[in-house]
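The sequence lines fix the lettering, A, B, ..., with proteins before strands; numbering per chain opens at 1. Worth knowing before you read on, the calculation uses all heavy atoms, side chains too, and leaves out hydrogens, waters and symmetry mates.
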Amino acid sequence: MKEQLRHAIQAALKECYRTGTLDSGVVPDEIQLEVPKNPDHGDFSTNLAMALAKAERKAPRQIAEVLSVAMQGNPLCDKVEIAGPGFINFRLQATHWYDVLHQIMQQGEQYGRCQVGNGKKIQVEFVSANPTGPLHIGHGRGAVVGDAVAAVLQAAGFEVQREYYVNDAGNQVQTLGNSILLRLRELQGEAIVFPEDGYQAGYIVDLAKQLLAEQVGLANATEAEAVETCARFGVAEVLKWIEADLKAFGIHFDHWYSERSLYDRGMVDQELSKLKEKGLSYEQDNALWLRTTEYGDDKDRVLIKSDGSYTYFASDVAYHMEKFDRGFERVIDVWGADHHGYIPRMKAMLAGLGHAPEDLEVLLIQMVNLLRDGQPFVMGKRSGNFVTLREVINEVGSDACRFFFLMRRCDSQLDFDLELAKQQNSDNPVYYVQYAHARVCSINRNAEESGIPLPRREDVDLSRLELAEELALAKYLARYPETIVGAALNYEPHRVIFYLQELAAQFHSYYNRQRVLVDEAAITQARLYLVNAVRRVLANALKMLGMSTPEQM
RNA sequence: GCGCCAGUAGCUCAGUUGGAUAGAGCAACGGACUUCUAAUCCGUAGGCCGAGGGUUCGAAUCCUUCCUGGCGCGCCA
């Protein structure tokens with residue numbers, strides 16, 4: 001609809017040039033058309049006259065006058081007005097808004113989906129927490145945002161894969177194995193000295209007990225073998241926890257990618273030799289370096305240390321190179337904001353390989369400040385005093401938790417007060433949105449009990465929706481698809497949350513002012529049609545973001 | 001010292017990519033349940049958009065210099 005109007009304006013502009021009422025001949029690439037904040041300013045508004053003022057050397061209002069004359073009588077528009085410094089405001093025929101309702105009812109679950117992504121393959125890698133302990137609240141935010149970004153991209157027509165990168169190689173896994181082994185020996189009565197940098201948390205002891213119960217024979221193993229066994233066991237168990245936690249959140253990964261497998265398959269050496277061939281790496285001080293400075297990094301980065309071991313960066317380079325080998329045109333990484341210093345070297349690496357900077361998009365999730373009764377709560381795996389994601393989900397509920405994490409832009413910090421979140425039960429905005437959905441369902445139930453049929457497209461007379469607020473509701477429903485596109489292209493799922501809240505607010509307000517089931521059958525039918533379109537959009541958005549759609553509350 | 005993110009109502013945050021009179025939710029105050037669910041609605045009050053300068057028809061939004069807070073700057077992960 002917006003596009004139709006855009007074309008009409010473009011045609012009018014060309015007509016003006018043809019007839020000589022305007023003479024600059026300038027046609028902007030894209031005519032800006034927006035929905036004004038103030039409904040008095042019409043359904044759509046363009047700044048075209050102001051934009052042309054310079055080229056035309058005329059006052060904006062004068063140009064607007066000429067254009068609006070050319071637009072008069074256009075069948076799309078009910079009214080064309082000039083306002084303010086030179087805005088041209090359009091009010092569309094009501095039938096266009098009625099058509100939106102028909103579209104929604106006809107498309108059902110598909111309404112809001114589109115093909116702007118054009119099937120482009122895109123990967124979202126998120127969470128990717130080290131498998132050395134349970135997920136905490138900060139991981140939860142990344143999990144929800146990553147999942148929502150993926151969902152919104154899917155809705156916009158991208159082919160999306162959700163991937164979890166498992167850091168099952170490297171020092172932190174050694175530390176895990178060592179920590180478990182020490183606790184195991186402790187359980188067997190040995191006096192041990194637990195190292196400062198070991199994992200102190202209680203779950204390590206649990207893992208040790210479990211290992212003990214399973215009677216894994218470590219007696220004849222060397223120290224290194226024992227640590228290795230404990231590490232493998234620990235990683236496998238912790239991954240089970242993580243998967244279960246994510247499942248409780250309704251999050252499913254298409255693919256779990258093992259870092260260790262990169263080494264086992266020789267991928268790291270293979271990719272590193274490609275870099276060498278391209279002259280992107282060099283040896284110095286017995287170490288192998290990547291020339292990231294040539295592509296904007298502060299300093300070159302080490303791939304292989306002088307002792308022959310690989311850096312974390314090395315496997316990350318190989319991993320990301322392979323992502324593109326797997327055919328993804330764009331790759332999104334969701335990271336904690338404390339890793340932001342890592343971005344320049346990753347981008348530099350890709351630039352060296354001839355990728356555009358946008359091919360890798362890193363979403364930084366800012367910190368979650370965990371509070372309890374307003375007091376900061378210290379987190380850290382080693383301190384052993386942290387709140388797990390599972391605890392929070394159990395306390396607050398998955399829906400509320402997801403909603404809360406999605407309410408803010410991911411690049412601003414988030415205060416999460418556990419007591420507050422628990423209290424929120426009835427205050428939480430998620431219920432506000434879900435309640436709107438439940439209310440429509442309730443109306444439907446009442447209609448059914450009274451023997452009122454649900455309206456069918458062929459029978460319903462939408463011109464009975466005469467109230468300004470009814471039209472406003474339809475107009476807002478029309479903006480759902482563009483909201484998704486905006487959220488997808490900008491990786492900003494919070495836009496959908498704000499849309500939901502606004503839609504629910506408009507619906508609740510309408511509900512309190514007007515009855516749907518009234519004496520006059522035709523009006524009842526039209527209003528039922530409208531509120532069920534609202535329900536449809538609420539349900540589509542809630543489902544897309546992984547939240548439930550209760551029919552009763 | 002360098003870099004990234006943020007700074008908007010008492011609090012938590014939006015702000016359609018530069019548009020018209022800057023908006024919500026909490027918190028405060030006052031109203032609305034014999035009518036489809038009051039987990040709702042209606043109203044009142046609340047602002048130097050961190051500060052200064054610049055760009056233009058027009059700036060919370062873009063550029064610049066500061067100030068404040070958070071986070072990073074290893075041959076750690």
Let's test your reading of the model: under 3.5 Å, does the base of rA77(B) pair with the side chain of Thr311(A) as donor and acceptor? no
Using Watson-Crick or G-U wobble geometry with both distances below 3.5 Å, tell me the partner of [N], or none.
| N | answer |
| --- | --- |
| rU68(B) | rA6(B) |
| rA14(B) | none |
| rC76(B) | none |
| rC41(B) | rG31(B) |
| rG46(B) | none |
| rG19(B) | rC57(B) |

Round to a whole Å and report the spacing from [atom1] of [X] to [atom2] of [N].
| X | N | atom1 | atom2 | value |
| --- | --- | --- | --- | --- |
| Leu503(A) | rA14(B) | CG | P | 20 Å |
| Asn369(A) | rC13(B) | CG | P | 9 Å |
| Ile484(A) | rU16(B) | CD1 | P | 18 Å |
| Asn167(A) | rC76(B) | CG | C1' | 13 Å |
| Asp338(A) | rG69(B) | CG | P | 20 Å |
| Met553(A) | rU40(B) | CE | P | 9 Å |
| Gln62(A) | rC57(B) | CD | P | 17 Å |
| Arg345(A) | rA77(B) | CZ | P | 11 Å |

Carboxylate-amine/guanidinium proximity below 4.0 Å for [X] and [Y]:
| X | Y | value |
| --- | --- | --- |
| Lys276(A) | Glu283(A) | yes |
| Arg232(A) | Glu228(A) | yes |
| Arg409(A) | Asp411(A) | yes |
| Arg345(A) | Asp316(A) | no |
| Glu3(A) | Arg6(A) | yes |

Heavy atoms of other groups near Asp307(A) CG, more than 12 under 6.0 Å: yes
Strictly below 4.0 Å: does [X] bring a side-chain N or O up to OP1 or OP2 of [N]?
| X | N | value |
| --- | --- | --- |
| Arg439(A) | rA38(B) | yes |
| Tyr435(A) | rA39(B) | yes |
| His41(A) | rU16(B) | no |
| Ser509(A) | rC42(B) | yes |
| Lys305(A) | rC76(B) | yes |
| Lys37(A) | rA20(B) | yes |

With sugar-phosphate meaning primed atoms plus P, OP1 and OP2, does [X] contact a base, only sugar-phosphate, or nothing at under 4.0 Å between heavy atoms?
| X | answer |
| --- | --- |
| Phe498(A) | sugar-phosphate |
| His508(A) | sugar-phosphate |
| Arg479(A) | base |
| His339(A) | base |
| Ser412(A) | sugar-phosphate |
| Ser45(A) | base |
| Tyr342(A) | base |
| Asp316(A) | nothing |
| Asn512(A) | base |
| Ala83(A) | base |
| Glu449(A) | nothing |
| Ala53(A) | nothing |
| Arg515(A) | base |
| Asn47(A) | base |

Closest listed nucleotide, where the reference is the side chain of [X] and the choices are [options]:
| X | options | value |
| --- | --- | --- |
| Arg409(A) | rC75(B), rC36(B), rG15(B) | rG15(B) |
| Asn171(A) | rC75(B), rC41(B), rA77(B) | rA77(B) |
| His340(A) | rA77(B), rC5(B), rG3(B) | rG3(B) |
| Met50(A) | rG19(B), rC4(B), rG69(B) | rG19(B) |
| His494(A) | rG19(B), rG70(B), rG15(B) | rG15(B) |
| Tyr432(A) | rA14(B), rC41(B), rA20(B) | rC41(B) |
| Arg513(A) | rC42(B), rC36(B), rC13(B) | rC42(B) |
| Asn38(A) | rA20(B), rG70(B), rU21(B) | rU21(B) |

Between Tyr257(A) and Tyr319(A), how do the two ring planes meet: parallel, tilted or perpendicular, split at 30° and 60°? tilted
Aromatic rings Tyr282(A) and Trp289(A): how do their planes relate, parallel, tilted or perpendicular, breaks at 30° and 60°? parallel
Lys54(A) or Trp289(A), whichever maps to the more 5' nucleotide of RNA chain B: Lys54(A)
Return whichever of Asp300(A) or Val516(A) has its heavy-atom-nearest nucleotide of RNA chain B closer to the 5' end. Val516(A)
What is the glycosidic conformation of rC33(B): syn, defined as within 90° of 0, or anti? syn
Using the P atom as the reference point in each nucleotide, state the distance between rC49(B) and rC33(B) in Å, no decimals. 41 Å
In this structure, CZ of Phe44(A) is separated from CD of Glu34(A) (nearest 0.5 Å) by 10.5 Å
